[in-house]
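Each remark here refers to the structure printed beneath this line.
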Amino acid sequence: MDRNNDAIASNQLFSILANVIIGVGILSLPRTLATAVGPDSLIVLVAGSIMFIIIALLIQRLITKFPQKTIIEISNFVLFKPIGMLIGIAYFIYTFTLVVLEVRTFGEITKNYLLLNTPIEVIMISFLLTAVYLVRSGIESIARLSVIILPLSILPAVLVSLVAIPDLDFTYFLPILRTPFSNIAKALPKVLFSFLGFEFIVFIGFFVKDTKNVKKTTIRTVGFVSIVYFIFTAITIARFGIAENKSLIWPVVTLFKSVDLPGTLLENVEVVIMGTWLLSVFMTIAISYFGATFLLSRILKSKEQNYFALTLLPLIYILALIPENIVNVYEYLEQFTNYMGTTAIAIPIVLFLFSLFRRKPKKGMKKNG
């Protein structure tokens, strides 16, 4: 992967990470927080966001300490090669599994809210073929599209949500600080899991040419995502209340359906909003797909990753059809975040701590470690 177009700027890294993190997680975050801590949802969200900034900065320190290295090469240097290869395989399985779950979730959302009469198999295979085309185009094309899609997917949703402000009841967030500390402690990991996707920096950082700005990008990314989460969580819970949010699968989607824009010709606003929002989901899948193919190419020591995209497609499609329904999908997602997500976040932190006791890498080190 030494092609001339495989380089991105720090602002493009911001768009890539923000798209991956937000993805479909925001759609169910209000339900998760309402179920766990009730009126203290926003307080726990802010606390969790601050905690994740610290975690993100530790991961960022590792990336900037080893510029133009992937998690595999970093592991090879900090530990030793067999462990580095195992870590690379673990991250490949992680990104590959994320593609499978996101594709099925995308298919369920699209079928339930946009294409009611279209078989989910047709939706998924059409979407996968589009993702393969983008993945084969390389990281620079993905980065450019991320810059375009991020505002296109977020701004319309935020603006439409603001229309609901006159109907909000913020007394749903009262009384505050009545939640048992044990419940808050259990809810904080759920907030941290909502930032999953940032760990993609351990291989996307390989392509960043201005590494001196990665720290600023890290703070901007986590801060931006935190604000988006705060806005939608606050509006959704204040609109429907704690009890109703607990019973909704996708509270944010229900929020879009409940908004009526006066003076417009749009009868179903949620169709337009979901159409733009799904662009963000598409980017999550495309970036995860690229990550899986890129890591596989590093593991197999291949110079190119694009021909792995078509090779993995049939397996992704078959595995995505295994869950019986959306409830089953979310059960898999919960297990995925609890185990694989925790591991993906913990590994770079552990590597950074170990790297403090190793000599600094020489400037002449090759990219392949």
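Val122 and Tyr317 sit in two unconnected hydrophobic clusters of ILVMFWY residues. Membership requires side-chain heavy atoms under 4.5 Å apart, directly or through other members. By the rule that hydrophobic residues join a cluster once side-chain heavy atoms approach within less than 4.5 Å of another member, Leu168 and Ile43 end up as members of separate clusters. Leu79 and Ile89 end up in the same hydrophobic cluster when Ile, Leu, Val, Met, Phe, Trp and Tyr side chains are linked at under 4.5 Å. Tracing side-chain contacts under 4.5 Å through hydrophobic residues (I, L, V, M, F, W, Y), one never reaches Leu45 starting from Ile54; they form parts of separate clusters.
Considering all non-hydrogen atoms of both residues, Ile235 and Ala164 come closest at CG2-CB, 4.5 Å. Across Ile74 and Lys69, no two heavy atoms sit closer than the pair CG1-CB, 3.7 Å. In terms of heavy-atom proximity, Ile287 sits nearest to Ile142 at CG1-CG2, 3.6 Å. When all heavy atoms are compared, the tightest approach of Ser146 to Met283 is OG-CE, 3.0 Å. Ala320 approaches Met124 most closely through the heavy-atom pair CB-CE, 3.2 Å. Of all non-hydrogen atoms in Asn19 and Thr284, the two that sit nearest each other are O-OG1, 2.9 Å.
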Show me, pair by pair, the donor-acceptor contacts under 3.5 angstrom made by side chains of residues 178-197, not counting sequence neighbours?
unit_1	atom_1	unit_2	atom_2	d
Thr179	OG1	Val37	O	3.0
Thr179	OG1	Asp40	OD2	2.6
Ser194	OG	Val191	O	2.4

Donor-acceptor pairs under 3.5 Å, side chain of residues 341-354 to any protein atom, not counting sequence neighbours: which ones?
unit_1	atom_1	unit_2	atom_2	d
Thr342	OG1	Asn338	O	2.8
Thr343	OG1	Tyr339	O	2.9

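Side chain of Ser126 to main chain of Ile123: no donor-acceptor pair is present (N/O by atom type, distance under 3.5 Å, no hydrogens or angles). For Lys65 (side chain) and Ser355 (main-chain N/O), a donor-acceptor pair under 3.5 Å exists by modelled atom type. Judged by distance alone, with hydrogens and angles left aside, the side-chain atoms of Thr233 form no donor-acceptor pair with the main-chain N or O of Phe230 at under 3.5 Å. Distance alone, capped at 3.5 Å, places no donor-acceptor pair between the Lys209 side chain and the Ile8 backbone. At distances below 3.5 Å, not a single donor-acceptor pair connects side-chain atoms of Asn245 with backbone N or O atoms of Pro30.
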Determine, stepwise, if the pair Phe294 / Phe308 fulfils ring pair (Phe, Tyr, Trp, His ring centres under 6.0 Å). CA-CA 8 Å; Phe294 175 64; Phe308 288 112; over 10 Å; no

Run Ile242 and Phe173 through side-chain contact (heavy atoms from CB on, under 4.5 Å) and show every step you take. CA-CA 8 Å; Ile242 300 296; Phe173 293 102; 5.7 Å; no

Check step by step if side chain to side chain donor-acceptor pair (under 3.5 Å) holds for Thr70 and Glu73. CA-CA 5 Å; Thr70 68; Glu73 290 80 41; 2.2 Å; yes

Tell me, with the steps shown, if Arg104 and Tyr332 meet side-chain contact (heavy atoms from CB on, under 4.5 Å). CA-CA 11 Å; Arg104 179 56 186 270; Tyr332 284 119; over 6 Å; no

Checking side-chain contact (heavy atoms from CB on, under 4.5 Å) for the pair Lys111/Thr118: CA distance, chi angles, key distance, verdict? CA-CA 7 Å; Lys111 181 172 177 60; Thr118 305; 5.7 Å; no

Could you check Tyr229 against Ile21 for side-chain contact (heavy atoms from CB on, under 4.5 Å), going step by step and ending with a plain yes or no? CA-CA 11 Å; Tyr229 282 172; Ile21 294 172; 3.6 Å; yes

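Remark: Thr236 OG1 to Ile26 CD1 distance equals 7.0 Å, nearest 0.5 Å. A distance of 8.0 Å separates CG in Leu98 from CG in Leu333, rounded to the nearest 0.5 Å. From Lys246, atom NZ reaches atom CD1 of Ile237 across 10.5 Å, with rounding to the nearest 0.5 Å. To the nearest 0.5 angstrom, Leu58 atom CG is 12.0 Å from Ile53 atom CD1. Thr293 contributes atom OG1, which lies 10.5 Å from atom CG of Leu310 (distance to the nearest 0.5 angstrom). Expressed to the nearest 0.5 Å, how far CD1 of Ile201 lies from CD1 of Ile71 amounts to 11.0 Å.
Annotation: cation-pi geometry not satisfied between Arg298 and Tyr91 (NZ/CZ under 6.0 angstrom from ring centroid, within 45° of ring axis).
The shortest side-chain heavy-atom distance between Leu57 and Ile219 falls under the 4.5 Å cut-off. Residues Thr105 and Val281 form no side-chain contact, since every pair of their non-hydrogen atoms from C-beta on lies 4.5 Å or further apart. With a 4.5 Å cut-off on side-chain heavy atoms, Thr110 and Phe127 do not count as touching. Using a 4.5 Å heavy-atom cutoff, the side chains of Leu279 and Ile148 are not in contact. Using a 4.5 Å cut-off on side-chain heavy atoms (C-beta onward), Leu255 and Phe240 make contact. You'll find the side chain of Ile16 reaches within 4.5 Å of the side chain of Ile139, heavy atoms only. The shortest distance between side-chain heavy atoms of Leu129 and Tyr133 does not fall below 4.5 Å. With a 4.5 Å cut-off on side-chain heavy atoms, Phe96 and Leu296 do not count as touching.
Counting non-hydrogen atoms of other residues, nucleotides and ligands closer than 6.0 Å to CZ of Arg220 gives a total above 12. The neighbour count for Lys215 NZ, taken as heavy atoms of other residues, nucleotides or ligands under 6.0 Å away, does not exceed 12. Shown here is Tyr307, whose OH atom has more than 12 heavy atoms of other residues, nucleotides or ligands within 6.0 Å.
Listed by first and then second residue, the side-chain hydrogen bond (donor to acceptor under 3.5 Å, both in side chains) pairs that reach into residues 152-172 are Asp169-Thr171, sequence neighbours excluded.
The one candidate from Phe207, Phe203, Phe206 that meets the ring-ring contact (aromatic ring centres under 6.0 Å, His included) condition with Phe290 is Phe207.
Aromatic ring centres of Phe106 and Phe282: separated by at least 6.0 Å.
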